[in-house]
Amino acid sequence: MRRFKKILVANRGEIAVRVMRACRELGLPSVAVFSEADRTALHVRVADEAVAIGPAPSRESYLRVDRVLEAAAETGADAIHPGYGFLAENAAFARACEDAGIAFIGPTSESIEQMGEKTSARRLAVEAGVPVVPGTLEPVAGAAIAREAARIGFPLMLKAAAGGGGKGLRLVAGPGELAAAVERAQGEALSAFGDDRVYLERAIVKARHIEVQVLGDHHGAAVHLFERECSIQRRHQKVVEESPSPFLTPELRAHMGALAVALVKRIGYRNAGTLEFLVGEDREPYFLEMNTRIQVEHPVTEMVTGHDLVQLQIRIAQGEPLPFAQEDLEQRGHAIECRIYAEDPDRGFLPSPGRLLALRAPGGPGLREDSGVYEGFEVPVHYDSMLSKLIAHGATREAAIQRMRRALAEYKILGVRTTLPFVDRVMRHPDFVAGDFDTSFVARLAAEPDRADEELWRIGVAAAAIRLLEDRRAAQHAPQPAEAAGSAWTRAGWRSQLGNRL
Amino acid sequence: MRRFKKILVANRGEIAVRVMRACRELGLPSVAVFSEADRTALHVRVADEAVAIGPAPSRESYLRVDRVLEAAAETGADAIHPGYGFLAENAAFARACEDAGIAFIGPTSESIEQMGEKTSARRLAVEAGVPVVPGTLEPVAGAAIAREAARIGFPLMLKAAAGGGGKGLRLVAGPGELAAAVERAQGEALSAFGDDRVYLERAIVKARHIEVQVLGDHHGAAVHLFERECSIQRRHQKVVEESPSPFLTPELRAHMGALAVALVKRIGYRNAGTLEFLVGEDREPYFLEMNTRIQVEHPVTEMVTGHDLVQLQIRIAQGEPLPFAQEDLEQRGHAIECRIYAEDPDRGFLPSPGRLLALRAPGGPGLREDSGVYEGFEVPVHYDSMLSKLIAHGATREAAIQRMRRALAEYKILGVRTTLPFVDRVMRHPDFVAGDFDTSFVARLAAEPDRADEELWRIGVAAAAIRLLEDRRAAQHAPQPAEAAGSAWTRAGWRSQLGNRL
Amino acid sequence: MILDASFDGRSVRVEVRGEAGRYRVTLDGQTLEVDYQRTGRDFASLLVDGRSYEAGIVRQPEGYTVALTGATYDVELKDAARGAGPSARARPAGPVALKAPMPGKVVRVLATVGQQVQAGEGLLVMEAMKMENELKAPRAGRVREVLVGERQAVETGALLLVLE
Amino acid sequence: MILDASFDGRSVRVEVRGEAGRYRVTLDGQTLEVDYQRTGRDFASLLVDGRSYEAGIVRQPEGYTVALTGATYDVELKDAARGAGPSARARPAGPVALKAPMPGKVVRVLATVGQQVQAGEGLLVMEAMKMENELKAPRAGRVREVLVGERQAVETGALLLVLE
């Protein structure tokens, strides 16, 4: 068992901040790495130390194994936490850390390879007796794609072999769409993972996406921390997650947990990890893939189990044994996470980068926010559009939903469009409230008209008009320039908001 | 069983906001009342409706029973939540609500009288077999004070009969201090409660202040939700609270819980309530008083039990039965609350009202903030100095302390002095970390030198000097007035911060 | 002060009178008594007929964006034209310019000059924030010009393609 | 730019050079290379020798208040006097004015004109934010003047009493 001296966090955004908080709570200093676009990013401000590693494109900074290892050497960091995305499931990076004598806070490079290559993971799962979705067990290319597609049948899912996070994922309804979808998926996969291999799976209709959180240590112990329900997705990316799943029976929960622990033990997995399953209407779980890293939606599990998964990752990497056994764990209450993206839900979730001109976040009981931004931050165009995660916990599912609605009502972000109004629609939708939904929920919702407050526009227009009147009068009577008239910072970024008389 | 239509919150600050959040989570609209000093207060902004009830002094607004009831009538509110302080333990107010057919979200006026008059509460406790601190069982005045003091012996506590929240409370070390202390306590009691009666109690040396949270419903059910440790006090007001208490054994916890439930059942108490005990070195609990309302520090209990006490108050007042039995309740993990006051800990906790010029609050796992303020708010001089409560939860006491330290490191408030650095000192004090403290802890702490970062001042001075350089250069090159040059709001409040060239 | 306000494709005439936090606002034939107080540089508290509203209000080039609970409005404000109220602006006829809705990179151009396209048909694919986004034809027409090439970086509002 | 800075009763000479976020600050004989970026109207991120600091910085009449993790400094800044560095300011001799440390109400006046008091002795009691606060003599002396009466409301900085 070793004790780390300093941890470098090879990531950005909310997960980098999340990991640094865990470091600080464990009494460990943290080192941020940052690209040229991220000098003022929150993770740089929260870290104890910070090292610039390259230009804005992630390929030239956050994905540069050499730069990250140099930063660790330079700062004396003896462990690296990769967060999710970027280098988190890059076996070569894990191996490079191992070779450099730096602890990679994650599984062995071998586990990453086994599970990271999705077709290999499917083969191992089959060998371990875990059922998988029918499809190809190997990546396919060229003419074989059409042939295998015909064998499996439509609709089917086209997936990146090196994939994760919805990138390079395409639902193909029929043979006519196949060629275009393959081109798009390979392009996205190449750009996201540097690997354009794809494979095919039968699309499970009316499926729910349910995943199981696991932990394994260096001493052969493994537990599961129950499930997360992740069926609310747009563009095949999760927007809302919760735990427990309203769909699982206690028996199915125990069964899926046992399957997950069996696979973890079989591969000697050492870290937090997640096994993703599709569960069809017949309540039959099919293993999809295993994510060998912390998951975006890990907070819902933390809130219902009372344990800190990121601290546990670090402690496991130090060689500590798991501090609890399976029978010590229980789900208490219900937790829901809503992801806040800088996207415009009224325009097909188009990205909406820009400066966060004004921001008021909610507070109070049963609420957690894991944010990667702050008022005044310019959200870069180079990275993922997730700004923040809002998580609500309550004694019951209904209480958690009501709490989330209350929190969303308090939340205000101006300057970019966000998914706040969209997740509010989800929270008040009768099917969501009833727990009656599957992965097609978001598509169905988009087709329904939103019933917003019909008269609220009057308040909005009145507020704007009064503000204009007050601004005009103030400008007339302004005795002198106010607000340290245009520091470089003000001049560069806030011009449109400040000063210019209408 | 009735279902409320609308709830008026007869309070201000964080507790008003807290109650309104509970209302919204239960689907109930809330009505704020506000004084002239509070038009822009957070509770007005969070409420669905708001009614002005009078001038700034609480005696002319928040303590005006007639105004509050008029506001309820005017808005159609059929229930009133009193929060804590103000009218929360005013039996006449509860009776006036009862007479007006408006539900008072609290116990019956009779219970308030029985427990609110502290000497009556002590008598009832003695009758119910609950041990009390030796002292007078009746209020005393005039010459009787010195006589009774001599009988009880010094050191002793001088307390307001109508008291609570540390107001009108004085520790008297010897006979020479008695007269002055009586005058001061009577003055404070009169000003705070409109009642200057005082009584005497033996001062328990090296005492811990430990309280038990209870709930009773309209159907005779009563449970306790374990204890809170509240020994960290300055000026006899709590600054830091936690649950569980590091001092209690499981046996003593069960014993104190049983005592509390016995008294609740005996008086047919219907509401959330708190029984305060002093526990001396001999681990003998002495009942001090019962607070027949929600307590400032209720969040620590909510975090360890997973239940929402304010929602439960409302549901009990609607006639609902308690949704759980004693055996369904358990403490999970550990929670600590730090109160953030606008006070200067370097100058004997002198009040520090003013505008909150800049504010950055912490976020992330296991953290809750119940705040009554926001960036830009002018903290009024008329009311209590508490700005906010920060609560950290962790799997263990150590984890909760470390999390609180992390949160305090992230928290920045500028414009007023606060107790943030003080509670950080508490969190890193070896005696606090070891759980080895009593109600004299703060006084001992004040006598010790603080070991701050010796070199940090360099960063502070460098930051100020660079900012000045940038501000001067910006002012030289300012092409035009920026920041909507001085709206009425800017002109009135932010002048010192904005614009004036040095 | 009399203004023409437009938002969400609607236009209304607005009249505002008052001072020191007390205003009377008439819009679309209805008058609101508004108690308006700034609560920060970009926030205000409004009490209207006893109801409390919390508004985030930020300056934009042609008006303000207002965020209320449950909805955000981009409100354009102009001094009222003399005489009549604002008329519904007719959609300009003629060519339609497709502009970049965000900064990013053109990944693929799907349309070619001279091609006849249907409303909703994909014209090009832009990458921003790690996602590929297909930009679709706002109406049917013929592609007159394509002004960008693949792998080209563009800013918000950059002209990408003209449809006629 | 050369400044005299004072905080917490200390004074140092400060020299700042640089621009565009890169500064060299010399204080008390030590030079810091500072990467300084505004992160909001009243916040900045500082990287000094690889270490990251988050500072809240607000303008005050004679300088800035700077909040760092664990400490807040009121830093007064003046253009450096020519020649020598700042000298420790001697405590002014003569009468001492007791001023109101916050707005509030005088509840009781404990001292009378002509009275001899010890350092730390209570002079008067002010109420603010629902608490009574005893204001104590900063040093021993004789009460020369009492300028306020009981129940009188006072603002921050109001002269309450003079000790000589």
Side-chain angles (χ1 to χ4, degrees), chain A residues 17-18 21-22 24-27 46 299 302-303 306-308 310-311 323 332-333 360-361 363-371 374-375 393-395 399 402-403 405-406 409-410 467 470-471 473-475 477-491 494-495 498-501, chain B residues 17-18 21-22 24-27 46 299 302-303 306-308 310-311 323 332-333 360-361 363-371 374-375 393-395 399 402-403 405-406 409-410 467 470-471 473-475 477-491 494-495 498-501:
Chain A
V17 174
R18 168 72 186 89
R21 284 172 169 155
R24 187 166 283 233
E25 289 172 13
L26 290 171
V46 167
E302 293 185 327
M303 288 189 99
H307 291 288
D308 186 309
V310 178
Q311 288 191 22
R332 188 165 85 176
R360 283 262 158 93
L367 211 64
R368 163 176 173 181
E369 190 183 15
D370 277 26
S371 173
Y374 57 88
E375 183 177 277
H393 181 266
Q402 288 289 92
R403 181 156 281 166
R405 291 194 56 189
R406 185 272 292 173
E410 293 179 12
R467 170 74 187 269
E470 291 202 342
D471 280 359
R473 286 184 180 158
H477 299 107
Q480 60 178 15
E483 160 67 10
S487 67
W489 181 81
T490 304
R491 279 203 307 277
W494 289 55
R495 174 57 45 78
L498 305 174
N500 308 323
R501 299 185 191 183
Chain B
V17 173
R18 168 70 186 93
R21 285 173 168 154
R24 185 166 284 231
E25 290 172 11
L26 291 170
V46 167
E302 294 185 327
M303 287 189 101
H307 291 287
D308 186 307
V310 178
Q311 287 191 24
R332 189 165 86 177
R360 283 262 158 94
L367 211 65
R368 164 176 172 180
E369 190 184 14
D370 278 26
S371 172
Y374 57 88
E375 183 177 277
H393 182 265
Q402 288 289 91
R403 181 155 281 165
R405 290 194 57 189
R406 185 272 292 174
E410 294 179 12
R467 170 74 186 269
E470 291 201 343
D471 280 359
R473 287 183 180 158
H477 299 107
Q480 60 178 11
E483 161 67 12
S487 68
W489 179 81
T490 303
R491 280 203 307 278
W494 290 55
R495 174 55 45 79
L498 305 173
N500 307 323
R501 299 186 192 183

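Chain letters run A, B, ... following the sequence lines, proteins first and then strands; every chain starts at 1. This is a predicted model, so every value here is computed, not measured.
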I need the minimum non-hydrogen distance between A:A395 and B:G306, along with the two atoms involved.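 Nearest pair, atom of A:A395 first, then B:G306: CB-O, 3.9 Å.
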
Between B:R368 and A:R368, is there a side-chain heavy-atom distance shorter than 4.5 Å?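 Side-chain contact under 4.5 Å: no.
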
I'd like to check B:R403 versus A:Q311 (side-chain heavy atoms, cut-off strictly below 4.5 Å). Are they in contact?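 Side chain of B:R403 against side chain of A:Q311, heavy atoms only: contact under 4.5 Å found.
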
Does any backbone or side-chain atom of B:P365 lie under 4.5 Å from a heavy atom of chain A? Answer side chain, backbone, both or neither.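 Both parts, backbone and side chain.
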
B:R18, part contacting chain A, at a heavy-atom distance under 4.5 Å: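 Side chain of B:R18 only, per the 4.5 Å heavy-atom cut-off to chain A.
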
Once side chain to side chain donor-acceptor pair (under 3.5 Å) is applied, do any residues pair with A:R24, and if so which ones, sequence neighbours excluded?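 By the side chain to side chain donor-acceptor pair (under 3.5 Å) rule, A:R24 matches A:D48.
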
What residues, two or more places apart in sequence or in another chain, satisfy side chain to side chain donor-acceptor pair (under 3.5 Å) together with B:E410?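 By the side chain to side chain donor-acceptor pair (under 3.5 Å) rule, B:E410 matches A:R21, B:R406.
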
Among the options A:D308, A:L367, A:L26, A:V310, pick out the one with the most heavy-atom pairs lying under 4.5 Å from chain B.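 Top option by heavy-atom pairs under 4.5 Å: A:D308.
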
